[in-house]
Trainee: 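Pasting a structure here, questions to come.
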Amino acid sequence: MKQSVKLIVGNWKMHGLSAALVEAQALNDALRDGAASARVGVCPPATLIDRMRSVLADGPVELGGQDCHASPSGAFTGSISAEMLADAGAGLVILGHSERRTAFGETDAEVASKVEAAIAAGLEPIVCVGESLAQREAGEALAVVTAQVRGSLPMGLSDHPFAVAYEPVWAIGTGLTPTTTQIAEAHAAIRAAIIERLGQGASKAPILYGGSVKPDNAGEILAAPEVGGALVGGASLKAADFLGIIRAA
Ligand code: 13P
């Protein structure tokens, strides 16, 4: 069976000043000739989205945000709405990243509300799930990601493009990765939970893997069953590293 095109997305997290735009430029230049067989996105800090839109204007690299508020506007000092991200040039938005679930106490229900806001604004959400090390060691990994999928994907999502990212918390920024068997098990459980929640119409939504993806392990990870792409942190900050991952897809 022909594999569909992989979705490779860079999550810059809270990294990137104006000077980092040259990395986006280099990425765009390298991919402009249509050489990449993958769909590629970059999610920089919100302060860079509008300027990055200019840098990426004539290329294939898509833009995204890293979070949004559940309301379209209002008295929420410091927050950014999905509409604002779309207005600035984003087409994608990462939601429910474990760093937000942990550091900002985001619940599944809050993530689901943000997903609804994202689709109302025409954004394609990338909804993150993943177990902690303690949960994996307790044998709860599959139950945790299944519950997160059930709680974080609103019913209305089935008619819209979206992705889910499996990011085991213990693999993020640590250099540790699950075995391909563990990745395949988690992705199969996530696929089953997506279909149970949204129906067969959602059977093609890509499930990305995230957590210490590097140029040297990307090929093996991306070839695992049900891996529809990658969500890349540290290795997406430099165009050369990110291109190494994109070329492995
Ligand atoms: P690293 O690739 O730096 O481990 O980060 C993964 C991640 O959290 C992407 O969202």
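Order of appearance sets the numbers: ligands from 1, and atoms from 1 within every ligand. The chain is numbered in sequence order, starting from 1. Keep in mind that this is a model prediction, so the values were computed, not measured.
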Trainee: I need the nearest protein heavy-atom contact for atom 2 (O) of ligand 1: residue, atom name and distance, please.
Mentor: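 Result for atom 2 (O) of ligand 1: Gly233 N, 2.9 Å.
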Trainee: Among all the protein's non-hydrogen atoms, which is closest to atom 7 (C) of ligand 1, and how far away is it?
Mentor: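 That would be Glu167 OE2, 3.2 Å.
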Trainee: For ligand 1, note which part of Asn11 has a heavy atom under 4.0 Å away: side chain, backbone, both or neither.
Mentor: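 Contact part for Asn11 vs ligand 1: side chain (C-beta onward).
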Trainee: If the condition is salt bridge (charged side-chain N to carboxylate O under 4.0 Å, His left out), which residues does Arg53 pass it with, not counting sequence neighbours?
Mentor: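 So Arg53 forms a salt bridge (charged side-chain N to carboxylate O under 4.0 Å, His left out) with Asp50.
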Trainee: Please list, in number order, the atoms of ligand 1 under 4.0 Å from a heavy atom of Gly211.
Mentor: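 Numbered from 1, ligand 1 contributes 4 (O), 6 (C).
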Trainee: Hey, which atoms in ligand 1 end up nearer than 4.0 Å to a heavy atom of Gly234?
Mentor: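 By the 4.0 Å cutoff, the relevant atoms are 1 (P), 2 (O), 3 (O).
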Trainee: So do the side chains of Val213 and Ile8 get within less than 4.5 Å of each other, counting heavy atoms only?
Mentor: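 Val213 does not reach Ile8 side chain to side chain.
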Trainee: Nearest 0.5 Å please: distance from the OG1 atom of Thr146 over to the CD atom of Glu131.
Mentor: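 Answer for the OG1-CD pair, Thr146 versus Glu131, is 10.5 Å.
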Trainee: Under 4.0 Å from any heavy atom of Ser212, which atoms of ligand 1 are there?
Mentor: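 Contacts of ligand 1 toward Ser212, numbered from 1: 1 (P), 2 (O), 4 (O).
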Trainee: Taking both backbone and side-chain atoms of Leu231, is any N or O found less than 3.5 Å from an N or O belonging to ligand 1?
Mentor: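 No.
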Trainee: Among side-chain atoms of His97 and Glu167, is any donor-acceptor pair under 3.5 angstrom?
Mentor: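 On atom types as modelled, these side chains qualify, holding a pair under 3.5 Å.
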Trainee: Run the contact test for Gly173 against ligand 1 with a 4.0 Å cut-off on heavy atoms, strictly below, and give the result.
Mentor: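 Yes.
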Trainee: With atoms numbered from 1 as shown, which atoms in ligand 1 lie under 4.0 angstrom from a non-hydrogen atom of Lys13?
Mentor: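 Near Lys13, the atoms of ligand 1 are 5 (O), 6 (C), 7 (C), 8 (O).
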Trainee: What pairs with Glu99 under salt bridge (charged side-chain N to carboxylate O under 4.0 Å, His left out), at least two apart in sequence or on another chain?
Mentor: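 If we apply the salt bridge (charged side-chain N to carboxylate O under 4.0 Å, His left out) test to Glu99, skipping adjacent residues, the hits are Lys13.
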Trainee: Can you name the nearest heavy-atom pair linking Val61 to Leu56, along with the distance?
Mentor: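 It is O-CD1, 3.7 Å.
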Trainee: Whether Glu124 and Arg39 form a salt bridge (side-chain N of Lys/Arg under 4.0 Å from carboxylate O of Asp/Glu) is what I want to check.
Mentor: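 A salt bridge links Arg39 with Glu124.
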